Amino acid sequence: MTTALHVYHSVTRQKELFIPETPGFIGMYVCGPTVYNDVHLGNCRTFVSFDIIYRYLQTIGYQVRYVRNITDVGHLLDDGEDRMSKGARLEKKEPMEVAQKYTVGFHNMMRIFQTLPPSIEPRATGHIPEQIEMVETILKNGLAYIKNGSVYFDTQKYMYNKGDYGVLSGRKIDELLSETRDNLKNQSEKNHPADFAIWMKASDEHIMRWNSPWGIGFPGWHLECSAMSLKYLGEVFDIHGGGNDLKFPHHENEIAQNMGSCQCKGAKYWLHTNMLLLNGKKMSKSDGNTISPEQLFTGNSEHISKSYSPMVVKFFMLQCHYRSTLDLTDAALLAAEKGYKRLMEAYKWLLNINHPGTNGDFSQDAEINTLIESAHLDMADDFNTPKALSRLFELVNKLNSLKDKHIGWEQISPATFENIKQVFSLFINDLFAVDIDVEGDLTGNQDKSLLDGLMNLIIQMRNDARLRKDWATADLIRDALKENKVELKDGKDGSSWQVTES
RNA sequence: GGUCGGGUGGCCGAGUGGCUAGGCAGAGGUCUGCAAAACCUCGUACGACGGUUCGAAUCCGCCUCCGACCUCCA
């Protein structure tokens, strides 16, 4: 597949032809979670999006180094308290215990969503020397200043030296001056409101602390990503991703730090995922407008009428482009669940069927192959998963027509049928990875020979009854099976069965 | 208040200067012992007002509504 890949670059605000720094290789950095709490559903959307980007880049032949960090220090709250420290205080644990607990929880959630682990998952606390070194370099370059044991990035000087603070977010430094509220801690220490801490002095009660040339302290939040991306991906790498809300100040500051330390811009392409809304509004714990992944899976929430499996939730996310806001509602999830079921039913049928080798005019070939090609092109066009999915659904329609004999085998060549199998396998298995739910394998790949044998027996007995026109017995069997969450469907080629989800 | 991004049919959501998105829901039909599923057909659309154009829902302006960011946030 030699399709030209285009990605939407947040700095230029347009789609651009993707050209890797080193042919054949891609370095990708994505801002990972701050492990002070259970992983947020919106966070899951971001990581699912980048997982698909990661998988796609590999599919088209790139060797990808995917770095996604774990933030376990430096991320401060409004009141200046470190998120990790606060978590530790509330749970009466060591900060590292808190980090470990939520890191494990995060990994588990990523597994449930069927995302691949990144190539490297560095922790901020494991890279203190690298961060100190970067602060020293920025100081040496004259773009930072020391105040009372803290080190601040000097945005004024950076601009004076032709730095471009605001390239990503479109913010002007003069405007920041007038807009910034002055209720922030340490605000008075800064020379300019737009300056930001790259190293902070630790107060006596601050438990996460390290020695540094400037005294005991801890790294600024924005610094870790600059230091770790530099260490593992080099001065210039291909893709930097994260949620939309990280653009400012986090990513803007990251660019400034990279330029300030090594005169290198870091990422060539900045990709940002959009927000996940709940009933049209931003999720917020304070006003109750929030739902956790667990609540979705268990149905234990006032916002939804039933439980939804992880793969349905993932499918729901994929039906929307990563750069659009996605509104999560019960109605939308219900619709997604039905669509997902239809897609997977067709896929399941496809897996177990082979072309009989019939000859014919193959009149469907052209249309089908165009759909397949389009699905690939959609992915190359800034990873347009909803559009690619729409092609798959058009193929589902073809498959169902074939199944119902509205389309004959003579209308599809064996080669084209094989193409359909390949594209379904590629998208459902390799790219979207929506085929396996934690509670079981919906494609029927798991060893269930015993169950198959029993079901075949039951279906045979019921069909005997149907031949005798003993409808009462036939319906009794079907109803009883339904009670036990097994649904029977009588088709032209005999009866099929499946375990129902809810 | 500033910056940015949006408002698409009953719902969710793509996309485009003239050519079907797709899913869910709805109407009619086919198949079927019934049911379910599936298939076929159909309808409803691009926030308001101006402008550019042979032609705009798609470009421009203005208005309005919504969201994100500006303060920790994916």
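These numbers were taken from a predicted model, which means no experiment stands behind them. In what follows, every chain begins at residue 1, and chains take the letters A, B, ... in the order their sequences are listed.
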- Task: Could you give the distance separating C54(B) and U41(B) at their C1' atoms, to the nearest angstrom?
- Result: 34 Å

- Message: Given the ring of Tyr8(A), does Arg323(A) sit roughly above its face, with NZ or CZ under 6.0 Å from the centre of the six-membered ring and within 45° of the axis?
- Response: yes

- Report the residue (Gly243(A) or Ser324(A)) whose heavy-atom-nearest nucleotide on RNA chain B is the more 5′ of the two. Ser324(A)

- Query: So does Arg342(A) get a side-chain nitrogen or oxygen closer than 4.0 Å to the phosphate oxygens (OP1/OP2) of C24(B)?
  - Reply: yes

- In whole angstrom, give me the gap between the P atoms of C24(B) and C60(B). 35 Å

- What nucleic acid atoms does Asn400(A) come within less than 4.0 Å of, heavy atoms only: base, sugar-phosphate, or nothing? sugar-phosphate

- Is the distance from OP1 or OP2 of A14(B) to the nearest side-chain N or O of Asn384(A) less than 4.0 Å? no

- Query: If you measure from the C1' atom in A38(B) to the same atom in C4(B), how many Å do you get, rounded?
  - Reply: 46 Å

- For C39(B), which nucleotide is its Watson-Crick or G-U wobble mate, given both distances must be under 3.5 Å? G29(B)

- Message: Taking any heavy-atom pair under 4.0 Å as a contact, classify Leu246(A): base, sugar-phosphate, or nothing.
- Response: sugar-phosphate

- Message: C39(B), OP1 or OP2 - any side-chain N/O from Asn397(A) closer than 4.0 Å?
- Response: yes

- From CG (Leu318(A)) to CG (Asn384(A)), nearest 0.5 Å: 11.5 Å

- With rounding to whole Å, what would you report as the distance between U58(B) and U53(B) at their C1' atoms? 13 Å

- Task: For C46(B) and U8(B), measure between their C1' atoms and round to the nearest Å.
- Result: 4 Å

- Task: To the nearest Å, give me how far apart CD (Gln14(A)) and P (C4(B)) are.
- Result: 16 Å

- Item | G67(B) - base-pair partner by Watson-Crick or wobble geometry, distances under 3.5 Å | C4(B)

- Using heavy atoms to find the nearest nucleotide of RNA chain B for Leu328(A) and Asp475(A) separately, return the residue whose nucleotide is more 5′. Leu328(A)

- Task: Please check the phosphate of C69(B) (OP1 and OP2 only) for any side-chain N or O of Lys282(A) closer than 4.0 Å.
- Result: yes

- Query: If we ignore angles and hydrogens, is there a donor and acceptor under 3.5 Å between the side chains of Asn69(A) and Thr71(A)?
  - Reply: yes

- Query: Between Arg123(A) and Glu224(A), is there a side-chain N and carboxylate O pair less than 4.0 Å apart?
  - Reply: no

- Trp471(A) aromatic ring stacked with six-membered ring of G33(B), 5.5 Å and 30°: yes

- Message: Given the ring of Phe393(A), does Arg342(A) sit roughly above its face, with NZ or CZ under 6.0 Å from the centre of the six-membered ring and within 45° of the axis?
- Response: no

- Remember a base hit wins even if backbone is also touched, and classify Glu394(A) as base, sugar-phosphate or nothing at under 4.0 Å, heavy atoms. sugar-phosphate

- Of all the choices, C39(B), A36(B), G13(B), which nucleotide is nearest to the side chain of Pro386(A) once you look at every atom? G13(B)

- Item | Inter-nucleotide C1' distance (U71(B), U3(B)), Å rounded | 15 Å

- Query: What is the pairing partner of A56(B), taking Watson-Crick or G-U wobble pairs with both distances under 3.5 Å in any strand?
  - Reply: none

- Note on the structure: Side-chain atoms of Thr34(A) come closest, of G33(B), A74(B), G23(B), to A74(B)

- Message: Please tell me if Ser169(A) has a side-chain N or O lying less than 4.0 Å from either OP1 or OP2 of C70(B).
- Response: no

- Does the base of A36(B) carry an N or O that pairs as donor and acceptor with the side chain of Arg478(A) under 3.5 Å? no

- Query: Do Thr115(A) and Val48(A) have side chains that get closer than 4.5 Å, going by heavy atoms?
  - Reply: yes

- Pairwise P distance, A56(B) and G1(B) [rounded to whole Å]: 34 Å

- Message: Distance criterion of 3.5 Å, no angle test: do you see the side chain of Asp490(A) paired donor-to-acceptor with the base of C34(B)?
- Response: yes

- Lys387(A) has its side chain closest, among C24(B), G15(B), G22(B), to G15(B)

- Base partner of G10(B), which must satisfy Watson-Crick or wobble distances under 3.5 Å: C24(B)

- Is there a donor-acceptor contact under 3.5 Å linking the side chains of Tyr308(A) and Asp330(A)? yes

- Nearest-neighbour nucleotide for the Gln319(A) side chain, G33(B), C39(B), G22(B) considered: G22(B)

- Query: When rounded to the nearest Å, what value does the distance between C1' atoms of C65(B) and A48(B) take?
  - Reply: 10 Å

- Query: Would you say Lys489(A) reaches A35(B)'s phosphate, i.e. side-chain N/O to OP1/OP2 under 4.0 Å?
  - Reply: no

